[in-house]
Asker: 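Structure incoming, see below.
Numbered from 1 within each chain, the chains take letters A, B, ... in sequence-line order.
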Amino acid sequence: MKYLDSLSDIQRKCVEQTEGSIIIISGPGSGKTRVITSKIAHLINLGVNPNNILALTFTNKSAKEMVSRINNLIPEKPIWNLWAGTFHSVFAKILRKEANKIGFNNQFTILDNEDSKTMIKRIIQDHRLDKEIYKPSSIFSKISLLKNNLIDPKSYSEKYEMLKNDENKNQPKFSFIYKEYVKKCKQNDNMDFDDLLLNTLNLLRNDGKTLEKYQSIFKYILIDEFQDTNILQLEIIKMLEKKHNNLCVVGDDSQSIYSFRGANINNILNFTSFYTKSNIFKLEENFRSTKNILNAANSLISNNNQKLDKNIWTKKDQGEKIKITKTDSDKSEGNFIAKFIKDNSAIYNHSDYLVLYRMNSQSRSIEEGLRKLNINYKVFGLSFYNRREIKDILAYLKLIVNNQDEESLFRIINTPPRGIGKTTIEKIRYFANNNNVSIWELINSIEEIDLNINSGTKKRINNFCELINYFSENSSTSAFDLTSNLINKIDYFDYLAKEETVESISKIENVKELINAIKLFCDENKNDKIGEFLDQSVLVNENEQKKMDQEENFVSLMTIHQSKGLEFKNVFIIGLEENIFPSQQAMFSKKDIEEERRLLYVAITRAKEQVNLSYCNTRFRFNNFVSNEPSRFLNEIDESCISKSVFNLKIQSKINQSKNSNRYSFKFKTPKKLIKIKNLNKTENKLSHGLKIGKKIKHNIFGQGIITDLLDSNEKIVVRFGRDNIKTILVRYAKFDLID
DNA sequence: CGGTAGAATATTTTT
DNA sequence: TATTCTACCG
C-alpha cells in the first residue's frame with residue numbers, strides 16, 4: 001500500500017499495530033500527524049467502518065486537516081462519518097443527543113469564558129460579596145480546575161483543608177459561589193467548556209445503556225496531543241475504551257503547555273502504569289529543523305527534571321546558529337524584526353516568518369515596526385466571535401434557542417435600548433431569585449405580578465417577550481433567514497449607526513460578515529438550523545482557518561500557545577526577559593518554570609531554518625518603563641549553537657512624519673471615537689515647563705519622588721521614589737503633579 | 001431611563 | 001495605553 005511505503009520503519013510499526021493500547025512518544029517535527037492519518041487510513045483499508053473510529057485532536061483545525069489528509073491517502077473510501085474533532089466538539093455533539101438523560105434540555109446553550117465570568121460576577125453582586133476579594137476571573141479559573149479534577153461543589157464543601165485554605169485566603173464564600181454557579185448553569189440549561197466534558201462523564205457513569213452504546217461505536221480511539229489532556233478527559237476515555245481496548249495516544253511530554261487549563265502531564269508520564277500492557281513507540285527523528293535548532297532546543301529542555309527519556313535527532317544540516325539579539329526598547333525590537341525581514345526579502349517571503357510571544361499584548365510593538373516598513377502581517381488574536389456586536393446578535397440567537405439562557409437575556413434585554421433600564425432589571429432579578437422562578441417565566445407573566453414596575457415599562461417588557469417568542473416558534477427555519485429577519489426586526493444596523501463613531505462603521509461591517517458566515521454555513525450544511533451554528537461559533541476558533549490558507553504573503557504573529565503544531569522557516573521569539581518569559585506568575589514555582597521552559601521549547605522547534613531570540617533593555621508596560629533581566633533560559637541554551645548581537649537602529653516612520661497629525665490614521669485596531677480626538681492635546685502643556693532635575697513630584701501610584709534626569713527633550717523623566725525605586729516616566733501619559 | 005465624562009483598572013496562556 | 005465602570009445630569 002502506497003501510504004505505508006513513504007513511512008520510516010518506526011512510523012510504519014506505529015501504523016501497523018492497530019490492536020491494543022499503544023503510546024507514541026513523538027518529538028517535534030517527527031511526523032506524528034502523518035502517523036495518525038496513515039493509521040486511520042490503514043484501519044479503514046482493513047475494513048473498519050469510519051463510524052467506529054474516534055479521533056480526538058487539540059484543535060478543530062487539526063481535525064479538519066486530518067480528515068483532508070486521510071481523504072488524500074484513500075480517496076476511494078468515503079469517511080464522512082469518521083468521528084474527528086476536539087474533545088469539546090465531539091462531546092458537545094453527543095450531549096446534544098443525550099442531554100435529557102442527565103436532566104438537561106437538549107437545546108442547552110454553551111457558555112464561553114466571558115459568559116461564565118459575567119455569570120460569576122452577577123452571583124457575587126447578588127450576594128453582596130466584595131468583588132475585590134472575590135475576583136470573577138480567578139474564581140472562574142479555580143472552578144474550572146476543580147471541575148477538571150472531578151471535584152464537584154458537594155465534595156468541595158466536604159473537604160476540610162480546602163475550606164480552611166479559603167478562610168485563610170479570606171475567601172470563605174468560595175464554596176458557596178461554586179455551588180451557586182453550578183446550580184445556575186443547570187437551571188439555565190447552560191454548559192461551560194468544562195461542563196461539556198463533565199456532563200459527558202456523568203452521562204456515561206449514570207446511564208448504562210448510553211455507555212454501552214458509545215463503547216460499541218468507538219472500536220478504535222486515537223488521541224493526539226495527549227500531553228495536554230486532563231484527568232477528566234482521561235476518565236472519559238477510560239470508560240469509552242473499556243470494551244474494545246483499542247486506544248492509541250500520541251504526544252510529547254516536552255510540549256505540555258496547558259496546565260493552566262487543567263492539563264496533567266502525568267497522563268502521559270504515567271500512561272504505561274495504568275495501561276500496563278501497552279506498547280511504547282518513540283518517534284525521535286526530526287524531519288523539520290536543522291541541527292543547530294535541535295541542539296538549542298535539546299540543551300534547553302535538558303534543564304527540566306520531569307520528563308521522559310528520549311533523544312531527538314535529525315539528518316539535516318548544521319544550519320545557521322540561533323541568534324540572540326539585544327535591543328534597547330520594545331519599539332526597537334519591532335524595528336529589528338521589520339528590518340531583518342526587509343533585508344532578507346530577496347531570499348524569504350513574508351509568509352516564511354512567524355513571530356511568537358508569551359502574551360497577546362506584546363504584538364503591538366512588532367505591529368508598529370512592521371507597519372513602518374509596509375510589511376504585511378496578520379495577528380492571530382481575539383476571535384471574531386468575541387466582538388461585542390457579534391456577541392449581542394449571538395445572545396439573541398441563543399435566547400431564541402434556549403429561553404432559559406439568562407446570561408444572554410441580560411445581555412440583550414435592553415440592547416438596542418428599548419426602555420427597560422437598570423432599576424427594572426434589578427427588580428426582576430431580585431424577585432426571581434427570591435421566588436425561585438426563572439427570569440423568562442417571570443417576564444412572560446409580568447402583568448400578573450406586582451413588582452412596582454410602571455405600566456409603560458411592563459408594555460415594553462411584553463413586547464420584548466413577544467419578539468423572542470415569535471422567533472423561538474420559528475426557530476426551525478434556516479439560520480440565515482432567522483438571523484437576517486431578526487436583525488431587521490430589532491433595527492440593529494440603525495442602532496449601530498446611531499453611535500456615529502468611526503467604530504460603528506466597522507461594527508456594521510462585522511455584523512454583515514456574521515450574516516455572511518451564517519449564509520455560508522447554511523449552504524455547506526445539511527442541518528442549517530441556528531443551534532448547530534451557535535455550537536460552532538463557540539467551539540471553533542476561526543483564527544485556525546486563517547492559519548491554514550497561507551497563500552497570501554504575510555508575516556504571522558501569534559502567542560506560542562497558538563503555534564502548536566505549526567512550522568515556519570524563520571521564527572522570531574520576542575521578549576526573552578525575566579517577568580515576561582518566564583512570566584511573572586510562574587516565578588515562584590519550579591513546576592511552573594518547567595512549563596515555561598517547555599513553552600520555549602515548543603517555540604524554538606517551530607523553526608525549520610532560523611531562530612531569532614530577542615530581548616530588550618527597557619520596555620513600555622502599563623504606564624511606565626520597566627527594565628527586566630534577560631531571561632534565564634538564554635543561559636541554558638548550549639553556547640556552541642548561538643550567536644549574539646545588539647540592535648539599536650531607530651526607523652524613521654514614513655507614514656508618521658509629523659508627530660500628532662497622523663496619530664490615529666493608521667491605527668490597526670478599532671479606531672477611537674471621533675469625539676475623543678478633540679481632547680487629545682489637553683494634557684500636553686500642563687507640565688511641559690517646570691520640569692527640572694531635583695524637582696519633587698507626586699505620582700498617583702508611586703507617591704512622592706524626585707526627578708533625577710530628563711530624557712528625549714523632556715518627554716520622559718527619571719524619578720526616584722523612596723530609597724532606590726527608580727522609574728522612567730512618560731510625561732505625556734503618566735498621572736502626577738509637581739509639588740513645591 | 002439614557003447618555004456621557006471622567007475615573008478606575010488592567011496584561012498570561014485557550015477549548 | 002485601552003477598556004470598562006461609575007456617578008451624575010438632563
Side-chain angles (χ1 to χ4, degrees), chain A residues 56-63 85-92 110-114 118 121 131-132 135 137-138 141 144 148 192-197 225 228-230 233 257-263 356-365 380-383 386 388 414-425 454 456-457 460 498-499 503 535 538-541 543-544 558-564 575 579-587 592 595-596 598-599 602-603 619-624 626 663 667 669-673 675-676 679 682 700-701 730 732-735:
Chain A
L56 294 169
T57 56
F58 193 73
T59 64
N60 285 288
K61 181 209 87 183
S62 39
T86 59
F87 277 85
H88 296 269
S89 56
V90 168
F91 294 155
I110 302 172
L111 298 177
D112 67 17
N113 286 349
E114 197 194 321
T118 16
K121 203 167 167 188
K131 67 175 185 331
E132 293 306 311
K135 294 221 158 98
S137 55
S138 64
S141 48
S144 174
N148 283 310
D192 66 17
F193 285 119
D194 305 314
D195 289 335
L196 293 174
L197 308 176
E225 308 281 7
D228 285 319
T229 54
N230 59 40
Q233 289 165 323
I257 53 176
Y258 277 92
S259 72
F260 68 92
R261 221 171 81 182
L356 293 175
Y357 34 81
R358 180 66 242 267
M359 51 194 168
N360 280 306
S361 56
Q362 287 173 270
S363 72
R364 173 176 309 209
S365 53
F380 296 87
L382 257 192
S383 162
N386 278 330
R388 187 188 290 169
N414 203 30
T415 314
R418 48 171 72 85
I420 307 172
K422 265 179 271 172
T423 351
T424 309
I425 293 170
N454 68 45
T457 312
R460 281 173 247 149
K498 245 180 242 151
E499 288 180 17
E503 276 176 313
D535 281 1
V538 198
L539 297 172
V540 181
N541 184 238
N543 270 330
E544 303 288 341
M558 64 184 80
T559 61
I560 300 167
H561 284 89
Q562 290 187 78
S563 74
K564 189 178 205 174
N579 295 323
I580 304 276
F581 195 4
S583 106
Q584 205 154 18
Q585 286 85 337
M587 288 303 185
D592 289 346
E595 176 142 327
E596 298 284 309
R598 291 193 293 268
L599 201 52
V602 169
R619 150 183 311 276
F620 188 63
R621 234 192 139 187
F622 230 159
N623 58 12
N624 64 310
V626 289
R663 275 197 68 192
K667 275 243 140 173
K669 283 177 185 156
T670 36
K672 281 247 97 71
K673 286 191 175 185
I675 313 128
K676 282 199 176 167
N679 301 331
K682 213 169 70 182
N700 80 329
I701 298 170
L730 266 192
R732 196 184 320 181
Y733 300 124
K735 286 168 193 159

Asker: Using a heavy-atom cut-off of 4.0 Å across all strands, would you classify A:Lys121 as base, sugar-phosphate, or nothing?
Answerer: sugar-phosphate

Asker: Expressed as a whole number of Å, how far does the C1' atom of C:dT6 sit from that of B:dT11?
Answerer: 23 Å

Asker: Could you state the CG-P distance from A:Asn386 to B:dT14, rounded to the nearest angstrom?
Answerer: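 Whole-Å distance recorded here is 11 Å.
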
Asker: Provide, to the nearest angstrom, the distance between the NZ atom belonging to A:Lys564 and the P atom belonging to B:dT14.
Answerer: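 To the nearest whole Å, that distance equals 11 Å.
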
Asker: Among residues at least two apart in sequence or on other chains, which ones pass side chain to side chain donor-acceptor pair (under 3.5 Å) with A:Lys121?
Answerer: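 Partners of A:Lys121 under the side chain to side chain donor-acceptor pair (under 3.5 Å) test: none.
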
Asker: Nearest of B:dC1, C:dA2, B:dT14 to any side-chain atom of A:Thr423?
Answerer: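 Of the options given, the side chain of A:Thr423 lies nearest B:dC1.
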
Asker: How long is the line joining CD1 of A:Ile110 and P of B:dT15, in whole Å?
Answerer: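 So the two atoms are 14 Å apart, to the nearest Å.
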
Asker: With a non-hydrogen cut-off below 4.0 angstrom, is A:Phe87 in contact with a base, only sugar-phosphate, or nothing?
Answerer: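 The residue A:Phe87 makes no contact with any strand.
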
Asker: Applying side chain to side chain donor-acceptor pair (under 3.5 Å), name anything that partners A:Ser583, two or more places apart in sequence or on another chain.
Answerer: A:Gln585

Asker: If every non-hydrogen atom of A:Gly575 is compared with every non-hydrogen atom of A:Ile580, which pair is closest and at what distance?
Answerer: O-CG2, 3.4 Å

Asker: On DNA chain B, check which nucleotide each of A:Lys135 and A:Ile420 is closest to and give me the residue with the more 5' one.
Answerer: A:Ile420

Asker: Quick one: A:Leu111 CG to B:dT15 C1', roughly how many Å, whole number?
Answerer: 14 Å

Asker: Over how many whole Å does the gap from A:Lys422 atom NZ to B:dG3 atom P extend?
Answerer: 11 Å

Asker: What's the CD-P distance between A:Glu114 and B:dT14, to the nearest Å?
Answerer: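 Checked: the CD to P distance equals 15 Å.
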
Asker: With sugar-phosphate meaning primed atoms plus P, OP1 and OP2, does A:Asp194 contact a base, only sugar-phosphate, or nothing at under 4.0 Å between heavy atoms?
Answerer: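 Nothing, no heavy atom under 4.0 Å.
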
Asker: Is A:Ser89 touching bases, backbone alone, or none of the nucleic acid, heavy atoms closer than 4.0 Å?
Answerer: nothing

Asker: Start with the C-alpha distance between A:Thr457 and A:Asn454, add both sets of side-chain angles, then the distance that settles side chain to side chain donor-acceptor pair (under 3.5 Å), and finish with yes or no.
Answerer: CA-CA 6 Å; A:Thr457 312; A:Asn454 68 45; 2.7 Å; yes

Asker: Expressed in angstrom and rounded to an integer, what is the separation of A:Arg388 atom CZ from C:dA2 atom C1'?
Answerer: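 For the pair A:Arg388 CZ and C:dA2 C1', the rounded distance is 12 Å.
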
Asker: Just the rounded figure in Å: distance from P of B:dT15 to CG of A:Asp228.
Answerer: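 To the nearest whole Å, that distance equals 12 Å.
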
Asker: Distances for protein N/O vs nucleotides 11-13 of chain B N/O pairs under 3.5 angstrom?
Answerer:
unit_1, atom_1, unit_2, atom_2, d
B:dT11, O2, A:Ser361, OG, 2.6
B:dT12, OP2, A:Gln585, NE2, 2.1
B:dT12, O2, A:Arg358, NH1, 2.7
B:dT12, O2, A:Arg358, NH2, 2.2
B:dT13, OP1, A:Asn360, N, 2.6
B:dT13, OP1, A:Asn360, ND2, 3.2
B:dT13, O2, A:Arg358, NH2, 2.6

Asker: Residues two or more places apart in sequence or in another chain: which of them pass salt bridge (Lys or Arg N to Asp or Glu O under 4.0 Å) with A:Asp194?
Answerer: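 For A:Asp194 there are no salt bridge (Lys or Arg N to Asp or Glu O under 4.0 Å) partners, ignoring immediate neighbours.
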
Asker: Please determine if a side-chain N or O atom of A:Arg364 lies less than 4.0 Å away from the OP1 or OP2 oxygen of C:dA2.
Answerer: yes

Asker: According to a strict under-4.0 Å criterion, is A:Asn148 in side-chain N/O contact with OP1 or OP2 of B:dT15?
Answerer: no

Asker: Can you tell me how far the CG atom of A:Asp228 sits from the CD1 atom of A:Ile257, to the nearest 0.5 Å?
Answerer: 6.0 Å

Asker: Just jot down the side chain to side chain donor-acceptor pair (under 3.5 Å) partners of A:Gln362, sequence neighbours excluded, or say none.
Answerer: none

Asker: Go nucleotide by nucleotide along DNA chain B from the 5' end; which of A:Gly421 and A:Phe193 gets its closest nucleotide reached first?
Answerer: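 Its nucleotide being nearer the 5' end, the pick is A:Gly421.
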
Asker: Taking only N and O in the side chain of A:Thr424, is any of them less than 4.0 Å away from OP1 or OP2 of B:dC1?
Answerer: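 Checking A:Thr424 against B:dC1: at least one side-chain N or O falls below 4.0 Å of OP1 or OP2.
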
Asker: How would you list, by chain and number, every residue that makes a side chain to side chain donor-acceptor pair (under 3.5 Å) with A:Asn230, sequence neighbours excluded?
Answerer: A:Asn148

Asker: What interatomic distance, in whole Å, is found between P of B:dT13 and the corresponding atom of C:dT4?
Answerer: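 Between the two P atoms, the distance is 15 Å.
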
